[in-house]
Amino acid sequence: MNTAFPLGTTERLFATLHRRFLDRHYPAPPWDRLDPAALPPADVEIARQAWAARAVAEYRSMIVFGELIARFAELRLPLEVTTAASRLLQDEARHTELCARAADALGGNHGATLAPSDLQLPRNGLPAHLFVARWTASMFCVGESASVGILDVLQQHTTDPCLQVVVGTLLRDEILHDRFGWALARLVFPRLTDDERDWLAADLAFSLAHYDRIHAGASRADGEPLPEAPPPAGPNLGIPSRPAAARAFYDRIDRVILPSLAALGVPAYEAWALRLEVPAQAENR
């Protein structure tokens with residue numbers, strides 16, 4: 001399999017432990033039942049690109065989790081936090097492999113790339129507590145929490161029996177990641193000063209702008225109701241309609257993400273309003 005990240009080893013110990021951690025207690029997708037012929041070639045190509053992009057995004061998430069774990073000791077977080085986070089890192093490796101294999105079955109992982117800058121997180125001189133606060137807010141409280149809603153919609157749309165298993169695994173793990181993220185936020189955010197919370201809100205605006213664009217196309221003006229989304233129809237290889245994804249994203253924003261952040265003392269509603277001032281090229285700073 002040709003991917004943007006190294007996959008495969010000749011060292012038996014690594015391969016054995018990899019399979020043991022990634023496969024235990026999880027259903028094996030029936031790869032022989034994945035049927036691209038159910039859709040026109042153009043639609044299959046759209047699905048291939050989406051799954052290849054997901055593989056890269058999941059690999060990137062694994063990098064973020066690894067960088068966060070490395071900072072936990074500096075914050076003197078309990079050992080149990082690191083143990084729990086190590087489980088999440090394994091989950092992201094599982095997601096990376098599943099998404100890459102789905103893309104490969106649909107035609108390959110070509111076109112999905114990782115730049116050298118994607119392989120590490122810039123610290124920019126931030127102390128450990130602000131570094132962890134930044135990525136807890138953006139990666140967990142927004143990214144992972146939004147993924148729960150998006151994947152729930154994806155599960156409703158996906159008709160291929162193999163990809164249904166893949167999506168079910170992703171959703172199962174993301175629900176746990178969402179819970180972990182809010183638990184971590186309850187440990188980290190109360191340590192921030194008022195000025196640091198204001199800084200976090202300004203920083204969070206960039207992430208909110210990014211996720212608003214990729215999940216919903218920044219399609220809802222503030223104060224508008226949730227967008228309408230037609231019910232799923234026809235064969236589907238794991239691609240939610242844009243209206244359905246947008247509705248799921250804004251529903252999580254309204255019901256979970258903003259009120260939960262605000263309850264933890266983060267000026268989340270101010271950050272949400274500020275996202276409108278973030279230029280697209282500055283989202284991934």
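Position 1 is the first residue of the sequence; numbering continues from there.
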Verdict with supporting geometry, Glu196 and His129, side-chain hydrogen bond (donor to acceptor under 3.5 Å, both in side chains): CA-CA 10 Å; Glu196 287 171 339; His129 72 290; 2.8 Å; yes

Phe180/Phe140 under ring-ring contact (aromatic ring centres under 6.0 Å, His included): CA gap, chis, key distance, verdict: CA-CA 8 Å; Phe180 175 92; Phe140 284 107; 5.4 Å; yes

Residues Asp118, Val56; criterion side-chain contact (heavy atoms from CB on, under 4.5 Å); working and verdict: CA-CA 10 Å; Asp118 293 328; Val56 167; 5.9 Å; no

Check against side-chain contact (heavy atoms from CB on, under 4.5 Å), Met139 and Arg134: CA-CA 8 Å; Met139 187 72 188; Arg134 161 188 273 182; over 6 Å; no

Derivation and outcome, side-chain contact (heavy atoms from CB on, under 4.5 Å), residues Thr3 and Asp104: CA-CA 9 Å; Thr3 60; Asp104 194 61; over 6 Å; no

Test log, rule salt bridge (Lys or Arg N to Asp or Glu O under 4.0 Å), inputs Glu97 and Arg19: CA-CA 11 Å; Glu97 187 175 81; Arg19 288 268 61 85; 2.6 Å; yes

Step-by-step side-chain contact (heavy atoms from CB on, under 4.5 Å) determination, Leu75 to Arg191: CA-CA 10 Å; Leu75 268 65; Arg191 303 182 181 201; 4.0 Å; yes

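Of the N and O atoms on the side chains of Asp160 and Gln164, not one donor lies less than 3.5 Å from an acceptor on the other residue. Looking only at atom types and distance, the side chain of Tyr250 has a donor-acceptor partner in the side chain of Asp212 under 3.5 Å away. Under 3.5 Å, the side chains of Asp178 and Ser145 contain a donor-acceptor pair of N or O atoms. In this model, no donor atom of one side chain and acceptor atom of the other lie less than 3.5 Å apart for Trp199 and Asp195. If you check the side chains of Asp173 and Tyr26, you find a donor sitting under 3.5 Å from an acceptor.
Side-chain contact between Pro259 and Tyr269: present, with at least one pair of heavy atoms (C-beta onward) separated by less than 4.5 Å. The side-chain heavy atoms of Leu192 and Leu130, taken from C-beta on, include a pair separated by under 4.5 Å. In this structure, the side chains of Ile63 and Glu92 stay at 4.5 Å or more apart for every pair of heavy atoms. Considering only heavy atoms from C-beta on, His95 stays 4.5 Å or farther from Met62 through its side chain. In this structure, the side chains of Val256 and Ser260 come closer than 4.5 Å at one or more pairs of heavy atoms. Within the 4.5 Å cutoff, the side chain of Pro243 has no heavy atoms near those of the Pro227 side chain. You'll find the side chain of Thr82 stays beyond 4.5 Å of the side chain of Leu77, heavy atoms only. Under the 4.5 Å side-chain criterion, counting only non-hydrogen atoms from C-beta, Trp272 is not in contact with Leu261.
A salt bridge does not link Arg275 with Glu270: none of the charged nitrogens is closer than 4.0 Å to a carboxylate oxygen. A salt bridge is absent between Arg54 and Glu58; no separation between the charged side-chain nitrogens and carboxylate oxygens falls under 4.0 Å. By the 4.0 Å N-to-carboxylate-O rule, Asp91 lies too far from Arg172 to be salt-bridged with it.
Using a distance-only test at 3.5 Å, with no hydrogens or angles considered, no donor-acceptor pair links the side chain of Thr158 to the main chain of Gln155. The backbone N or O of Ala100 sits less than 3.5 Å from a side-chain atom of Asn109, completing a donor-acceptor pair. Listed for the Arg220 side chain is a donor-acceptor partner under 3.5 Å among the backbone atoms of Glu224. A donor-acceptor contact shorter than 3.5 Å is absent between the side chain of Ser207 and the backbone of Asp203.
Residues Trp31, Leu34, Leu39, Val44, Leu98, Leu106, Val148, Leu151, Leu154, Leu163, Val166, Val167, Leu170, Leu171, Ile175, Leu237 make up the rest of the hydrophobic cluster containing Trp51, defined by ILVMFWY side-chain heavy atoms closer than 4.5 Å, directly or through other members. Grouping Ile, Leu, Val, Met, Phe, Trp and Tyr by side-chain contacts under 4.5 Å, direct or through others, puts Leu22 with Leu13, Leu17, Phe21.
Residues that satisfy the side chain to side chain contact (heavy atoms under 4.5 Å, CB included) test with Ala244, not counting sequence neighbours, are Val153, His157, Ala229, Ser241.
Taking all atoms of both residues into account, the shortest heavy-atom contact from Ala271 to Ala201 is CB-O, 3.2 Å. Taking each heavy atom of Leu89 and Phe65 in turn, the nearest pair found is N-CD2, 4.0 Å. When all heavy atoms of Ala273 and Asp222 are compared, the pair lying nearest together is CA-OD2, 4.4 Å. The shortest non-hydrogen separation linking Leu200 to Ala137 is CD1-CB, 4.0 Å.
A cation-pi arrangement, defined by a distance under 6.0 Å to the six-membered ring centre and an angle within 45 degrees of its axis, is absent between Arg197 and Phe189.
Classification of the Trp135-Phe131 ring pair by plane angle, with boundaries at 30° and 60°, yields tilted.
A distance of 9.0 Å separates CZ of Arg252 from CG of Asp152, quoted to the nearest 0.5 Å.
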